[in-house]
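As the structure lists them, so they are numbered: ligands from 1, and atoms in each ligand from 1. Reckoned from all heavy atoms, side chains included, excluding hydrogens, waters and symmetry mates. Along the sequence shown, residues are numbered consecutively beginning with 1.
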Amino acid sequence: MTQDAVSLTQSLLRFQTVMGQERDCAQFAAHMLEEWGFAVKKHEFQEGRTSVVARLGGSDKKAPLCLTGHLDVVPLGASAWSKDPFSGETDGDRLYGRGSSDMKAGVAAMLLAARSFSKKLSQSPGIVLVLTAAEEGGCVGSRHLAQTQLLGKAGAMIVGEPTSNYPLVGHKGSIKFHATFKGVSAHGSMPELGDNAIYKAAHAVTRLASFDFEAKAHPIMGKPTMNVGTIEGGSGVNLVPDVAKIGVDIRTVPGVDHQALLKRFRSLLAEAEIDVFSDLPPVWTEPQHDWMRRVFEVCKAHEPRTATYMTDAANLLKVYAGVPTVVLGPGEAAQAHQTDEYCSMERIRQSVSIYEALIDDWIKS
Ligand SMILES: [Zn+2]
């Protein structure tokens, strides 16, 4: 098969991997990788939600370079598309489609870079490709993958999320939880007989609004943030509500200890039941790290920047502990999750060369 980066992106786009149907796309990628000599393992944390781990090469002296991307895409949204989201339509330099920028272009470029080196990896530190399911909506696929033995080792990691080929040295972490407040129901005409759960939640929200992280601003990422994003409770205006629930989204920066922070929230919301449903550490590599400097050279970049979004790296780093990590891919971050999402075809081709240069660098040095 002699596909170039754009036509491979188009092939990947045609798999409609909207939140839960990654299997066919994963099989397609796995099959190619096997043909190129990779040892391929698949993992499904749930029916049809398939991740792929493919490796080639390996040495005792140096761990492989990991290239990772997700196979799922977000739904089309409420607005009508003017292009077919799943056929790979082009117009000028633009390749349209759901997932073109976020991030099948990145996956395609990684696959082609892997193909270019397939004959040169066997006596080298090698590479490992990690193609995940279920990144959108909480990095669930990578969380499950990190609990398996499939990831093996890696010495550095490239996350192919959309950055317009600009290397980003990390991103914030996040903690998401629900806090449920219990009360006692009563007739609305006799509130003194009940205990109002909404009042408890409201007081808690007020306390949260003036929460002080007591954290120093990170030089690039700034300060941690918090947002109370949901509030629900009550079943009728003439009832004293016996339950109310809020949803809280905290974004952390390097240096913030999640355990210590959660302890503070638990004591601040002592009367609530806390359910932490997502806990992902920040991702950060010093711009002065040798490998990162090399990445910057290859990309002709200078200023250290970080991504605004989360990535699978937060989970993969639980296994690849402490390895330098760059977020670097051909997509346009501003196009992610948009109607009529597109990617620059020039950038897709460019990213193959960038990944190739970084693999070459890794296996030589
Ligand atoms: Zn993405």
ask   = Going through the distances and angles, do Cys299 and Leu328 end up as a side-chain contact (heavy atoms from CB on, under 4.5 Å)?
value = CA-CA 9 Å; Cys299 299; Leu328 173 61; 3.8 Å; yes
Just list the side-chain donor-acceptor pairs under 3.5 Å for residues 217-241, sequence neighbours left out, or say none.
unit_1	atom_1	unit_2	atom_2	d
His218	ND1	Ile220	N	3.1
His218	ND1	Met221	N	3.0
Thr230	OG1	Gly247	N	3.0

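A centroid separation of less than 6.0 Å is found between the aromatic rings of Phe177 and Phe265.
Coordination check, Glu136 versus the Zn ion (ligand 1): failed, since every N/O/S atom of the residue sits at 2.8 Å or beyond.
Per residue Asp102, closest N, O or S atom to the Zn ion (ligand 1): atom name OD1.
With the Zn ion (ligand 1) as the vertex, NE2 of His70 and OE2 of Glu161 span 80° to the nearest 10°.
Glu34 is linked by a salt bridge (charged side-chain N to carboxylate O under 4.0 Å, His left out) to nothing, counting only residues two or more places apart in sequence or in another chain.
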